[in-house]
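First up is the structure itself, then whatever we jot down about it.
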There are 2 protein chains.
Amino acid sequence: MDVSLRQLQVFHAVAKHRSFSRAAQALCVSQPAVSAQIRALEQTLHLTLFERTGRSVELTEAGRQLLPYAEQVMELLDDAMRAVHDLNNLQRGRVAVAASTTAGIYVVPRVLGAFHRAYPGIELSLDVLNRFAVQQRLLAGEADVAIMGLIEDPHDLEIAQFLPNDLVVIASPRHPLARRRSIPLAELGRELFLVREVGSGTRADMERIFAEAGVPLRIAMELRSSGAIKQAVAADLGIAVVPLDAIQLELETGRLVVLDVEGFPVRRSWSLVRRAGRPASPAADALWHYFLQYALQPH
Amino acid sequence: MDVSLRQLQVFHAVAKHRSFSRAAQALCVSQPAVSAQIRALEQTLHLTLFERTGRSVELTEAGRQLLPYAEQVMELLDDAMRAVHDLNNLQRGRVAVAASTTAGIYVVPRVLGAFHRAYPGIELSLDVLNRFAVQQRLLAGEADVAIMGLIEDPHDLEIAQFLPNDLVVIASPRHPLARRRSIPLAELGRELFLVREVGSGTRADMERIFAEAGVPLRIAMELRSSGAIKQAVAADLGIAVVPLDAIQLELETGRLVVLDVEGFPVRRSWSLVRRAGRPASPAADALWHYFLQYALQPH
DNA sequence: ATAGACATATAGGAGAAACCTATATGGATG
DNA sequence: CATCCATATAGGTTTCTCCTATATGTCTAT
């Protein structure tokens, strides 16, 4: 036989109250239940833990030796239960978020900041990666929640629409098309484009749009970041299709303008993604729902 | 429902082996038993502790949070079991010994020293008190074992004969009776005696012996310690009846002599005493039997 | 000394828990 | 697509825990 938690608990109660009956009361059980637990414990340990003197009960030397262990075990369990409680009540926890480049730079930090203010006890990590890597992390369980544009293969993934993610055509304010209204998409076939590398969501979307419209896509240069593309467009090296979210600052300062092309802005959404059929931690689940809620509010 | 030790143990095993089946093997139970324990724990905590991915099992964040608590609890219980084992194996423990004056000063320290060398892990305390206080301590459970001469009321006490405790009549070497042989007890009626206070075992014995023999006891002085009596006898203030154990040193140095009185030495024994019907701690029981054994060997 | 009060121990039985074997289910792999 | 490996589920047995009722024992007061 083995020592049980119950036995330690009962032992502690009897030691504290110096009485089997009072311990039973305190534990809300009958007195024989207490006697039985103590007897079982004493048999297991081959030690007498209490001196039963008829009137009162005293710890033996062995009992005094054991008591601190019982106390520490129970204290430790209390701590553990408190930790569990905190996890369940979102007072503690950890969520790993992964986001594709544009989302991770221009969209997620704002929402994550708001979430952090709401649940300051939850540790957050944000990894900004390319689309492929994001999806991989998610499936490997290394990220709890992801935010990205296009999703390659929705298999095993739970996907929810998040904030709008409009694609616009940008040019420098000096560009000939900058003042035009309702530019037909076909006209862009004559323009030189600055594009992200293959593998980028924006690049994929863009190619699809031009292909569907039967408009040729003339690529001037391939660049590895939205930042580089914006610089190049501002320097009149060409025009580009970018997420609206990525150029707020440049629009405000007038360094770039959005061209009024027919069919643009292409209305898309950022997707909130997590593995389907997996139980999410309380914190990850809270973040998921917080993000969904956030998308419903005006910003 | 409540978290059980078993659940923590199983949880720990699964976390360690990253597999329900291997944990089951390690714990010598079936795999469903492990599944059931983990399920119960997860339900109790309202948390998912493991990611079951089909091939392998991984801890969730919540599981990682809980694991150190489970480990600490089990470590603590290990420590407790080791402490219990030590108590049972006399590698640790504590025994409170009480002894009446003469025993405590002249007899017990030697035996206690031998016991301590045999069981160096056991803490010992020795209280030297008058007979009455010794008995009181014993009955109050404040002493585990006592060594004394005469016992007032053997009720509730377990008594065993210990080392011999002979009473002798002593005088200074200059005393007229010092060279006499076979002195009739009656002759001592003419001598002046130095005696211990009422309440001392030696005093009680002495009075009984003289009363039974019908010899008057002339008391010169009442002194509170054997030491004082020895000094006084050596200074020719009278003669005395003392335990032989108390005067070894003075006999060797010739400062005192034993008178060859008829009926003396009165052969008595020290008594080893403990409360009857009480379970003794392993250490106290070991000391009891060690003392008994010691008395059987020649010293 | 004995009856009453108080405390623990014992007995017998009901409900819950833990475990077992057998089998289903579900990803991962060739 | 079939097979393999791992976990989940089902049904039944043993063990544990607790209950009520009652015995035993100690201390106190009459």
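Values below: all heavy atoms of this structure, side chains included; hydrogens, waters and symmetry mates excluded.
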What is the distance, rounded to the nearest whole Å, between atom [atom1] of [X] and atom [atom2] of [N]?
X: B/Arg52; N: D/dC5; atom1: CZ; atom2: C1'; value: 17 Å
X: A/His17; N: C/dA7; atom1: NE2; atom2: P; value: 13 Å
X: A/Ile38; N: C/dT10; atom1: CD1; atom2: P; value: 14 Å
X: A/Arg275; N: C/dG27; atom1: CZ; atom2: C1'; value: 12 Å
X: B/Glu51; N: D/dA8; atom1: CD; atom2: C1'; value: 17 Å
X: B/Phe50; N: C/dG27; atom1: CZ; atom2: P; value: 20 Å
X: B/Arg22; N: D/dC5; atom1: CZ; atom2: P; value: 13 Å
X: A/Asp2; N: D/dT15; atom1: CG; atom2: C1'; value: 14 Å

Practice prompt. Please work out whether the ring planes of A/Tyr294 and A/Phe162 are parallel, tilted or perpendicular, with thresholds of 30° and 60°.
Written response: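 Because their plane-to-plane angle lies in the 30° to 60° range, the rings of A/Tyr294 and A/Phe162 count as tilted.
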Worksheet item: In terms of the angle between their ring planes, are A/Phe50 and A/Phe11 parallel, tilted or perpendicular, with boundaries placed at 30° and 60°?
Response: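 Tilted: the ring planes of A/Phe50 and A/Phe11 meet at 30° to 60°.
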Discussion item. Could you go through A/Leu287 and A/Leu112, starting from their C-alpha distance and side-chain angles, then the distance that decides it, and tell me whether this counts as side-chain contact (heavy atoms from CB on, under 4.5 Å)?
Written reply: CA-CA 9 Å; A/Leu287 185 136; A/Leu112 220 47; 3.8 Å; yes
Discussion item. Taking CD in B/Glu197 as the centre, count heavy atoms belonging to other residues, nucleotides or ligands within less than 6.0 Å. Is the count above 12?
Written reply: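 Counting other residues, nucleotides and ligands, CD of B/Glu197 exceeds 12 neighbours.
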Practice prompt. Verify the contact: side-chain N or O of B/Ser35 to OP1 or OP2 of D/dT7, cut-off strictly under 4.0 Å; return yes or no.
Written response: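 So the side-chain polar atoms of B/Ser35 never come under 4.0 Å of the phosphate oxygens OP1 or OP2 of D/dT7.
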Discussion item. Would you say B/Ser21 places a side-chain N or O within less than 4.0 Å of OP1 or OP2 belonging to D/dT7?
Written reply: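 For D/dT7, OP1/OP2 do have a side-chain N/O of B/Ser21 under 4.0 Å.
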Item to complete: Could you tell me whether B/Val57 contacts a base, only the sugar-phosphate backbone, or nothing, with contacts defined as non-hydrogen atoms closer than 4.0 Å?
Response: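 Sugar-phosphate contact only.
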Which pairs of donor and acceptor atoms, one on a side chain in residues 26-41 of chain B, lie under 3.5 Å apart (sequence neighbours left out)?
residue	atom	partner	partner atom	Å
B/Ser30	OG	B/Ala33	N	3.4
B/Gln31	NE2	B/Ser35	OG	3.0

Worksheet item: B/Ser19 has a side chain; which of C/dT8, D/dT7, C/dT10 sits nearest to it?
Response: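 Ranking C/dT8, D/dT7, C/dT10 by closest atom to the B/Ser19 side chain puts D/dT7 first.
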Discussion item. If the threshold is 4.0 Å, N to carboxylate O, is there a salt bridge linking A/Arg6 and B/Asp2?
Written reply: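 No salt bridge links A/Arg6 with B/Asp2.
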Practice prompt. Could you check A/Glu71 against A/Leu8 for side-chain contact (heavy atoms from CB on, under 4.5 Å), going step by step and ending with a plain yes or no?
Written response: CA-CA 8 Å; A/Glu71 281 172 342; A/Leu8 292 182; over 6 Å; no
Pairs under 3.5 Å (N/O, protein and nucleotides 17-24 of chain D):
residue	atom	partner	partner atom	Å
D/dC18	OP1	A/Arg6	NE	2.6
D/dC18	OP1	A/Arg6	NH2	3.2
D/dC18	OP2	A/Gln37	NE2	2.4
D/dC19	OP2	A/Ser30	N	2.6
D/dC19	OP2	A/Ser30	OG	2.8

